[in-house]
Engineer: 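Have a look at the structure that comes next, please.
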Amino acid sequence: EPEVTQTPSHQVTQMGQEVILRCVPISNHLYFYWYRQILGQKVEFLVSFYNNEISEKSEIFDDQFSVERPDGSNFTLKIRSTKLEDSAMYFCASSAQGARTGELFFGEGSRLTVL
Amino acid sequence: SQKIEQNSEALNIQEGKTATLTCNYTNYSPAYLQWYRQDPGRGPVFLLLIRENEKEKRKERLKVTFDTTLKQSLFHITASQPADSATYLCALDPSGTYKYIFGTGTRLKVLA
């Protein structure tokens, strides 16, 4: 069964360092998302991406964050200068039709720990 | 302000009973609502989607209702099993702009 894969599964970084989280969405999907979940809290929307551009972003997704689909298969989230409060589980998701009618397929997440 | 609320307290029920979880929302008028299951340390897994013109949706032991007047969705698991123990999340896309908002989730524990 096709699945969304994420790497790394866990990354530890120093505050102020740049981090890139990688995702390979399901191959025929067109809509891509990043969510984050701080330990014990709810799943929070960061950004959605369609047709090579950002469709929607949340207040969390400030200038420190960026997304890219560099080669038609990978979908990356970059955090330029990490802060302690960026420590969370980051989930990538993809959808065939868009969130309105289609289910989101989530990856297993990348746990980011900022020291 | 816009909110999606789920009972933050854990729900414990006996195996074989029906679990009922609630999702309430305010200041949204979603055309549809989805339910997901999340196990500890893992990504959410889609369960069911219900549209505003559907009162009820079923899938095996799962049933979802959607009352747009009450702004509420109920999620039922019948003949519950210990393997159903997980956190259940409701989610909606308020404006159809691909910004999917999740509730806080309700942790369900089914006791053997």
Side-chain angles (χ1 to χ4, degrees), chain A residues 1-6 9-10 21 23 25-26 29-51 53-61 67 88-111 113, chain B residues 1-10 21-25 28-54 57 59 62 64 66 75 86-107:
Chain A
E1 187 173 319
E3 59 181 17
V4 175
T5 57
Q6 291 186 241
S9 57
H10 189 190
L21 305 178
C23 169
I26 295 173
H29 283 188
L30 302 175
Y31 301 83
F32 313 110
Y33 311 84
W34 282 102
Y35 285 82
R36 81 170 186 191
Q37 188 172 33
I38 296 170
L39 188 64
Q41 298 188 26
K42 68 177 183 178
V43 176
E44 297 178 291
F45 173 84
L46 291 179
V47 66
S48 58
F49 192 86
Y50 170 70
N51 201 24
E53 60 183 26
I54 290 174
S55 303
E56 187 85 25
K57 60 183 180 179
S58 73
E59 316 75 56
I60 303 167
F61 194 88
V67 290
M89 183 76 96
Y90 288 81
F91 291 109
C92 173
S94 69
S95 174
Q97 300 175 52
R100 189 164 185 84
T101 56
E103 62 184 278
L104 300 180
F105 290 80
F106 282 83
E108 294 291 18
S110 293
R111 180 168 297 285
T113 302
Chain B
S1 63
Q2 298 174 320
K3 285 184 187 176
I4 304 174
E5 293 179 327
Q6 295 183 255
N7 191 342
S8 58
E9 293 182 16
L21 285 65
T22 304
C23 175
N24 294 298
Y25 57 93
Y28 290 120
S29 296
Y32 62 100
L33 188 144
Q34 297 190 9
W35 283 88
Y36 287 77
R37 169 183 172 141
Q38 187 177 28
D39 291 287
R42 307 198 72 176
V45 175
F46 173 82
L47 296 174
L48 280 169
L49 177 150
I50 186 165
R51 292 178 172 79
E52 62 179 341
N53 60 350
E54 296 174 320
K57 199 82 168 277
K59 179 182 174 183
L62 309 180
V64 171
F66 193 13
F75 177 82
T87 296
Y88 291 86
L89 314 172
C90 66
L92 51 87
D93 178 13
S95 51
T97 57
Y98 316 121
K99 182 179 178 179
Y100 227 137
I101 308 299
F102 281 78
T104 50
T106 297
R107 193 172 67 226

Engineer: Is the number of heavy atoms from other residues, nucleotides or ligands under 6.0 Å of A:K57 NZ greater than 12?
Structural biologist: no

Engineer: Out of B:G105, B:P40, B:G43, return the one with the most heavy atom pairs under 4.5 angstrom to chain A.
Structural biologist: B:G43

Engineer: If you round to the nearest 0.5 Å, how far is CD1 of B:I101 from CD of A:E44?
Structural biologist: 9.5 Å

Engineer: With a 4.5 Å cut-off on heavy-atom pairs, point out which of A:Q6, A:Q41, A:E108 contacts chain B the most.
Structural biologist: A:E108

Engineer: Hey, could you give me the OG/OH distance between A:S95 and B:Y100, rounded to the nearest 0.5 Å?
Structural biologist: 8.0 Å

Engineer: Within the side chain of B:Y36, is there an N or O that forms a donor-acceptor pair under 3.5 Å with the backbone of A:E103?
Structural biologist: no

Engineer: What part of A:Q37 gets within 4.5 angstrom of chain B, counting heavy atoms only: side chain, backbone, both, or neither?
Structural biologist: side chain

Engineer: Given heavy-atom pairs under 4.5 angstrom as the criterion, report whether the side chain, backbone, both or neither of B:L89 touches chain A.
Structural biologist: side chain

Engineer: Restricting to non-hydrogen atoms, name the atom on A:L104 and the atom on B:F46 that form the minimum distance, rounded to 0.1 Å.
Structural biologist: O-CB, 4.1 Å

Engineer: State, to 0.1 Å, how close A:V43 and B:Q38 come at their nearest heavy-atom pair, and which atoms those are.
Structural biologist: CG2-OE1, 4.1 Å

Engineer: Apply side-chain contact (heavy atoms from CB on, under 4.5 Å) to B:F102 and A:F45, showing your working.
Structural biologist: CA-CA 8 Å; B:F102 281 78; A:F45 173 84; over 6 Å; no

